[in-house]
Amino acid sequence: MKIGVAGAGAMGTGIAQVAAMAGHTVVIYDPYETSLGRSKGILDGDFAKLVSKGKLDEAKGKSVRNAISHTSNLDGLKGCGMVIEAAVEMMEVKKKLFADLESVVDEDCILATNTSSLPVIAIAAACKHRSRVIGIHFFNPAAIMPLVEIIPAFTTEESVYQNSRALIDSWGKVTVKAKDTPGFIVNRIARPYYGEAIKIYEEGIASFADIDQAMRSIGGFRMGPFELMDMIGNDINFSVTETVWRQMFYDPRYRPSITQQRLSEAGLYGKKSGRGYYDYSVSAVKPEPTADDRKLHYIFNRILCMLINEAVDALYLGIASRDDIETAMTKGVNYPKGLLRWCDELGAANVLDTINRMHADYLDDRYRPSLLLKKSAAEHSRFF
Ligand SMILES: NC(=O)c1ccc[n+]([C@@H]2O[C@H](COP(=O)([O-])OP(=O)(O)OC[C@H]3O[C@@H](n4cnc5c(N)ncnc54)[C@H](O)[C@@H]3O)[C@@H](O)[C@H]2O)c1
């Protein structure tokens, strides 16, 4: 099957590589020649690396690379069985692109969007045949990250969902099904990892280094929240937070922070700009954590309980199944353990107690326990 990718940026290029490695002929469309040129260069480099590392033999490397072509002409996507859109994150651009795509592809071509934060159904609304539109959300870098969220919209036909999931599974990815709601699974449930960490810092309880240390040393997370935000980019992380919050009708649980907004406004994006929460210049010395054990446990417990509450609430609201929630957080953001299992280990009553105490202290709906967490605590039930 011929696969189309619309948008030759970081994600489109990575997705094309995954599809070609799985044996497809791939056409990447982008209206901008500079984007196409960059994408070609990245693919040449990536395939050369795969060959030099012995992951592909030379002939295979050449044939897979040659299976990917680039075009600035939308007609190049004619005959595709699926087109995955990975253009800039702007609703108007995506809507126009989907409407234009429909005039080029066959009626049975699946049209997928890789959007991180826009409603799939709103993009589908631009199409005559909405039932063929679905969300297929890869993680960055697409060639390496195993997780893909499959997001059927309210209008997506069941067979389109089934065929899409089976296809992406066949590419060796781990798929999960998510409801078409803000942030889908990962970008919704992970919000407190950043938000609660910043709040702890803003309250003067601990430094970035202390909070990072708590999550790494006690929780076993690979990166602390501030290290991770600096890696993702404070501009991108802030924008995802703000979008999720706005789309949740300003639910205080997802409220962004002034601290991160200021960093983003100042261009202190993190690693890519040389400075974020930490300084990445050559001469910089990384600050050492100074918090004692008691404080580290307080920080870890507060952030973890907020994450668990989010995961439990996502289950309660049917955003995804129990198993898909666990898979999404361990494969999409490398959490050391699924949050629902973690809830079982701590005991729902203890998690609820932490959230209730914060609610009493702050009188803020941000610390609002999920109904399912309350129920689990009352019934002493477990998720597994
Ligand atoms: N970067 C991430 O971490 C990440 C992760 C998952 C999903 N996404 C989503 O993937 C999409 C692309 O993100 P990215 O990081 O690759 O962005 P990017 O800026 O690297 O690439 C965007 C590309 O879109 C192209 N483009 C602009 N207008 C277009 C049009 N009308 N038709 C086709 N292409 C057009 C640009 O030339 C550019 O090549 C976005 O929807 C984003 O939300 C990004």
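Counting convention: from 1, in listed order, for ligands and their atoms alike. In this chain, residues are counted from 1 in sequence order.
- Heavy-atom contacts of E89 reach the following atoms of ligand 1: 40 (C), 41 (O), 42 (C), 43 (O) (cutoff under 4.0 Å).
- Below 3.5 Å of separation, one finds no N or O of T115 facing any N or O of ligand 1.
- No side-chain donor-acceptor contact under 3.5 Å links N114 to the backbone of G135.
- Distance from atom 17 (O) of ligand 1 to its nearest protein heavy atom, with residue and atom name: A10 N, 4.7 Å.
- The shortest contact between atom 1 (N) of ligand 1 and any protein heavy atom is with N140 ND2, 3.7 Å.
- Checking side-chain atoms of N66 against main-chain N and O of K62 turns up a donor-acceptor pair under 3.5 Å.
- Among protein heavy atoms, atom 25 (C) of ligand 1 sits closest to D30 OD2, 3.0 Å.
- The cluster map of Ile, Leu, Val, Met, Phe, Trp and Tyr, joined by side-chain heavy atoms under 4.5 Å apart, puts M248 and L371 in the same cluster.
- Polar contact check, G12 against ligand 1: no nitrogen or oxygen pair lies under 3.5 Å apart.
- The ring of F208 has its center closer than 6.0 angstrom to the ring center of Y201.
- Ligand 1 has an N or O atom lying under 3.5 Å from an N or O atom of S116, backbone or side chain.
- Among protein heavy atoms, atom 19 (O) of ligand 1 sits closest to V88 CG1, 4.5 Å.
- Those atoms of ligand 1 that come under 4.0 Å of a heavy atom in L97, given as number and element, are 32 (N), 33 (C).
- For atom 21 (O) of ligand 1, the nearest protein heavy atom lies closer than 4.0 Å.
- Atoms OG1 and CD, from T259 and E202 in turn, are 3.5 Å apart once rounded to the nearest 0.5 Å.
- Among all non-hydrogen protein atoms, the one lying nearest atom 11 (C) of ligand 1 is A87 O, 3.3 Å.
- Without hydrogens or angle criteria, K95 side chain to M90 main chain gives no donor-acceptor distance under 3.5 Å.
- Of all atoms in ligand 1, listed by their number and element, those nearer than 4.0 Å to a heavy atom of A8 are 39 (O).
- Judged by a 6.0 Å distance limit and a 45° cone about the ring axis, R341 is positioned over the six-membered ring of F384.
- Remark: the backbone N or O of V160 is not paired with any side-chain donor or acceptor of R132 at under 3.5 angstrom.
- Each of the atoms 32 (N), 33 (C) of ligand 1 lies under 4.0 Å from some heavy atom of Y29.
- Hydrophobic clustering (ILVMFWY, side-chain heavy atoms < 4.5 Å, transitive): I42 and V88 are in distinct clusters.
- Using modelled atom types, no side-chain atom of Q260 and backbone atom of G195 make a donor-acceptor pair closer than 3.5 Å.
- For the pair N114 and ligand 1, the shortest N or O to N or O distance falls below 3.5 Å.
- Within a 6.0 Å radius of CD in E58, no more than 12 heavy atoms belonging to other residues, nucleotides or ligands are found.
- Contacts between H137 and ligand 1 below 4.0 angstrom, taking non-hydrogen atoms only, involve the side chain exclusively.
- Looking only at distances, a side-chain donor or acceptor of E85 sits under 3.5 Å from a matching main-chain atom of A87.
- At least one heavy atom of K94 lies less than 4.0 angstrom from ligand 1.
- In this structure, F139 and H137 have tilted ring planes: the angle between them lies in the 30° to 60° band.
- Look at F138 and you'll find a heavy atom under 4.0 Å from some atom of ligand 1.
- Within ligand 1, counting atoms from 1 as listed, the ones closer than 4.0 Å to a heavy atom of G7 are 33 (C), 34 (N).
- In this structure, K272 is positioned above the aromatic face of Y269, its NZ or CZ under 6.0 Å from the six-membered ring centre and within 45° of the axis.
- Nearest protein neighbour of atom 13 (O) of ligand 1, counting heavy atoms only, is M11 CG, 3.9 Å.
- Residue F139 places no N or O, backbone or side chain, under 3.5 Å from any N or O of ligand 1.
- V93 CG1, 3.6 Å is the protein heavy atom nearest to atom 31 (N) of ligand 1.
- Ligand-side atoms of ligand 1 in range of S35: 36 (C), 37 (O), 38 (C), 39 (O), range being under 4.0 angstrom from any heavy atom.
- Between E85 and ligand 1, a contact under 3.5 Å exists for no N or O pair.
- Of all the heavy atoms of P31, the ones lying under 4.0 Å from any atom of ligand 1 belong exclusively to the side chain.
- The shortest N/O to N/O separation between A6 and ligand 1 does not fall below 3.5 Å.
- Remark: aromatic rings of Y193 and F221 are close, center separation under 6.0 Å.
- Looking only at protein heavy atoms, the nearest one to atom 18 (P) of ligand 1 is G9 CA, 4.0 Å.
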